[in-house]
Amino acid sequence: MQKAKDGHVDFLVLGSGIAGIRAAIELARHGCVLVLTKGEIFESSTEHAQGGIAVALAEDDEVHLHFDDTLRAGDGLCREEAVRILVEEGPQAIHELIEWGMHFDKNGGKLAFTREGAHSRSRVLHSQGDSTGAGILRALVAKAKKLRRIEIRPHSYAVDLLADSGRIAGVFYLDETTQSLKEIRAGSVLLATGGLGQVYKETTNPPVACGDGVAMAYRAGAYLSDMEFIQFHPTALYIQSAPRFLLSEALRGEGGLLRNIELERFMPRYHEAGELAPRDIVSRALVMEMLRCRSEFNYLDLTGLDAERVMKRFPKIYSTCLAFNIDITLDLIPVRPAAHYAMGGVATDLEGATTLEGLYAAGEAAATGVHGANRLASNSLLEGLVYGARAARAMVEKHGFSDPLPSQASFASAKHIPNHAPAPRTVIAAAELERAACHIRTILWEKVGIIREGNELSEAIQKLDAIELSSPKTPAQPFYQTRNILEVARVIARSAGERKESRGAHYRSDFPLKDELEPARHSYLSRTKPVSFA
Ligand code: FAD
Ligand code: SIN
């Protein structure tokens, strides 16, 4: 790729998860694509996705049922056009993936579908049982590697966007192998940097999910949307001082039950769908049971299921738990909720254009409105495929942002973005940064978590505002990451403070009901504009 070597490419993609690689494949038809990604190519949430990918392809399923289920889970906040695109373009996106070499699990020669929470049909495709994301990513990367015009450059940590003549024109990035700051220019830039679970003390997300792309876009002046909506997955493995390994919702789809520490099956008391109620409802029920029973966890019980089937269907979960001395076919599994998914992100229109010219976003970093206030299980891998491809097409067409924003909002201008890399000042010890990150994560977990309240949110905002990070003398990733975590944490807390209602994953004990206003409103904010709703 001659052009990348010259410091310029046609298209720059940040992130090598499902959204970034799918977009790169589309872009390669029209020019040279450079994918910058932090760490190893496969280190992403996509790689860890277990349950599967939702798509209306089963014989008893219909696109309109997938549409209805998505809207219902989104609790009145989904953007209907965005959902329609997702469910209608989804089947074709899956066929394409299969053509590129993806193998989904089958039953008697036919695609096998599993059930997850809030789905009215079994419509979740999976691969090697519980390694769906890893399978999809391998198929996409293999396809991308066959295309001469794509270069994937690992260990390249994007630090900040750079602007030229009022549009986003490239990025400053840290070469992780040499620790040197570099810049690359491009015709347009796609943010596909994934989620932000690492802003919370307890998360299912891998270490790369620090909200970098959202923070970069925010600093550059882009609008963010719906940042208060964080999905907490009900069942993360709870073992003190071990990472919160995800226990797929598909385990409940296959018949797993939730019990409190008194061994009572409690979900039917909370929702008619029991263990398969929408995720926000299950997570809050788990918290209520922990409070009631004064326990730190609940149990997931798979002991009533056929042991052979559990081992075959969930080999990764089985072996991971066994490494912690838990045989999931015999033992109750200690679980509690953990931060899992960001419904909000960088505001985009239906084509992935952000409010900054030249900047596009797709996947978990973007807020298209497709998930509303609570994402339907297994819809995000599909979103990465469908909206990754759409954003790529918009980059080729130079499509600009085309949505209305709140009336007091004006389009941000990229011309104010500093056109230089952040200036290093004082030395800052790694341990000090780690302490700061830990402090931020604890504030978010304790005060901007599953159940929120106005005074606690104000306290969180104050505490976060009081944190100052001095920048290091030499470029250092831990500093950049902690800075991003702090910025994203502040935005989540402020957005949560302003939404004075309970909706989907945003639950306020001081405003336990949904706002009467119809239609429901999305929140927006930018570096220079406070939170507003439209
Ligand atoms: P990611 O896959 O996270 O990729 C982001 C990429 O950006 C990574 O390569 C990362 O290294 C890179 N990056 C980040 N910051 C920078 C930076 N500063 N510079 C350069 N590169 C950067 N969804 C489903 O639909 N079904 C499931 O079964 C499912 N299971 C899940 C299980 C787990 C444990 C987790 C954490 C999530 C799961 N999800 C699932 C959610 C889903 O996996 C993600 O929402 C989706 O994969 C996001 O894709 P993405 O391409 O947007 O981001
Ligand atoms: C899971 O397997 O439970 C995760 C599915 C998702 O996050 O969509």
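Predicted, not measured: the structure shown is a model, and the values here were computed from it. First listed ligand is number 1; within each ligand, the first listed atom is number 1.
The single protein non-hydrogen atom nearest to atom 2 (O) of ligand 2 is Ser248 OG, 2.7 Å, given as residue, atom name and distance. Of the protein's heavy atoms, Arg279 NH2, 3.1 Å lies nearest to atom 6 (C) of ligand 2. For atom 3 (O) of ligand 2, the nearest protein heavy atom (residue, atom name, distance) is Glu249 N, 2.6 Å.
Where the criterion is an N or O separation shorter than 3.5 Å, residue side chain and backbone included, Ile53 fails it with respect to ligand 1. Here's the thing with Leu381: one of its N/O atoms is less than 3.5 angstrom from an N/O atom of ligand 1. Taking only nitrogen or oxygen atoms, main chain and side chain alike, Ser380 reaches within less than 3.5 Å of ligand 1. Checked by distance only, ligand 1 and Asn205 stay at 3.5 Å or farther apart across all their nitrogen or oxygen atoms. For a threshold of 3.5 Å applied to N or O pairs, the pair formed by Asn379 and ligand 2 contains no separation below that value. Below 3.5 Å of separation, one finds an N or O of Gly51 facing an N or O of ligand 1. Checked against a 3.5 angstrom limit, the closest N/O atoms of Thr46 and ligand 1 fall inside it. Checking only distances, His48 never comes within under 3.5 Å of ligand 1, N or O to N or O. The shortest N or O to N or O distance between Ile18 and ligand 1 is below 3.5 Å. In terms of polar-atom proximity, Gly52 is counted as a contact of ligand 1, with an N or O under 3.5 Å from an N or O of the ligand. For a threshold of 3.5 Å applied to N or O pairs, the pair formed by Ser380 and ligand 2 contains no separation below that value. Inclusion of Gly20 in the set of residues having an N or O under 3.5 Å from an N or O of ligand 1 is not warranted.
Note on ligand 1: Gly213 sits outside its first shell, no heavy atom being nearer than 4.0 Å. At a 4.0 Å cut-off, at least one heavy atom of Ala192 sits close enough to ligand 1 to count as contact. Residue contact check for ligand 1: Thr204 places a non-hydrogen atom closer than 4.0 Å to it. Under a 4.0 angstrom heavy-atom cut-off, Ser248 registers as lying outside contact with ligand 1. Using a 4.0 Å heavy-atom cutoff, Glu47 is absent from the residues neighbouring ligand 1. Using a non-hydrogen distance threshold of 4.0 Å, Leu246 registers as a contact of ligand 2. Ligand 2 lies out of reach of Gln231, whose nearest heavy atom is not under 4.0 Å from it. Within the structure, the closest approach of His155 to ligand 1 does not fall below 4.0 Å when heavy atoms are considered.
Considering Thr193, Leu247, Leu14 only, the shortest heavy-atom separation from atom 13 (N) of ligand 1 involves Thr193. For atom 48 (C) of ligand 1, the choice among Gln481, Glu364, Lys38, Glu116 with the nearest heavy atom turns out to be Glu364. Considering each of Asp212, Val124, Thr37, Ile136, the one bringing a non-hydrogen atom nearest atom 9 (O) of ligand 1 is Thr37.
Checking side-chain atoms of Thr193 against main-chain N and O of Leu191 turns up no donor-acceptor pair under 3.5 Å. The backbone N or O of Ala215 lies less than 3.5 Å from no partner atom in the side chain of Asn484, so there is not a single donor-acceptor pair. Listed for the Thr132 side chain is a donor-acceptor partner under 3.5 Å among the backbone atoms of Gln50.
One side chain, Arg375 or Ser380, offers a donor N or O that lies under 3.5 Å from an acceptor on the other. For the residue pair His371 and Glu364, no side-chain donor N or O sits within less than 3.5 Å of a side-chain acceptor on the partner. In the model, Tyr341 has no side-chain atom that pairs as donor or acceptor with a side-chain atom of Arg279 under 3.5 Å. In summary, the side chains of His119 and Asp69 do not present any donor paired with an acceptor at a separation below 3.5 Å, with no hydrogens or angles considered.
Residue-ligand proximity, Asn379 to ligand 1, at heavy-atom distances under 4.0 Å covers atoms 25 (O). Of all atoms in ligand 2, numbered sequentially from 1 with element shown, those under 4.0 Å from a heavy atom of His233 are 1 (C), 3 (O), 4 (C). Annotation for ligand 1: atoms under 4.0 Å from non-hydrogen atoms of Tyr341 are 45 (O). Those atoms of ligand 2 with a heavy atom of Ala377 less than 4.0 angstrom away are 8 (O).
Using cut-offs of 30° and 60° for the angle between ring planes, the Tyr480 and Tyr157 rings count as parallel.
Tested against Tyr360 for a side-chain contact (heavy atoms from CB on, under 4.5 Å), the candidates Leu190, Val13, Ile168 yield a single pass: Leu190.
Here the shortest heavy-atom pairing between Asp130 and Ile317 reads OD2-N, 2.8 Å.
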Stepwise, does the side-chain contact (heavy atoms from CB on, under 4.5 Å) test hold for Asn298 with Arg259? CA-CA 6 Å; Asn298 296 283; Arg259 299 188 186 281; over 6 Å; no
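For the pair Arg121 and Phe113, the cation-pi criterion (under 6.0 Å, within 45° of the ring axis) is not fulfilled.
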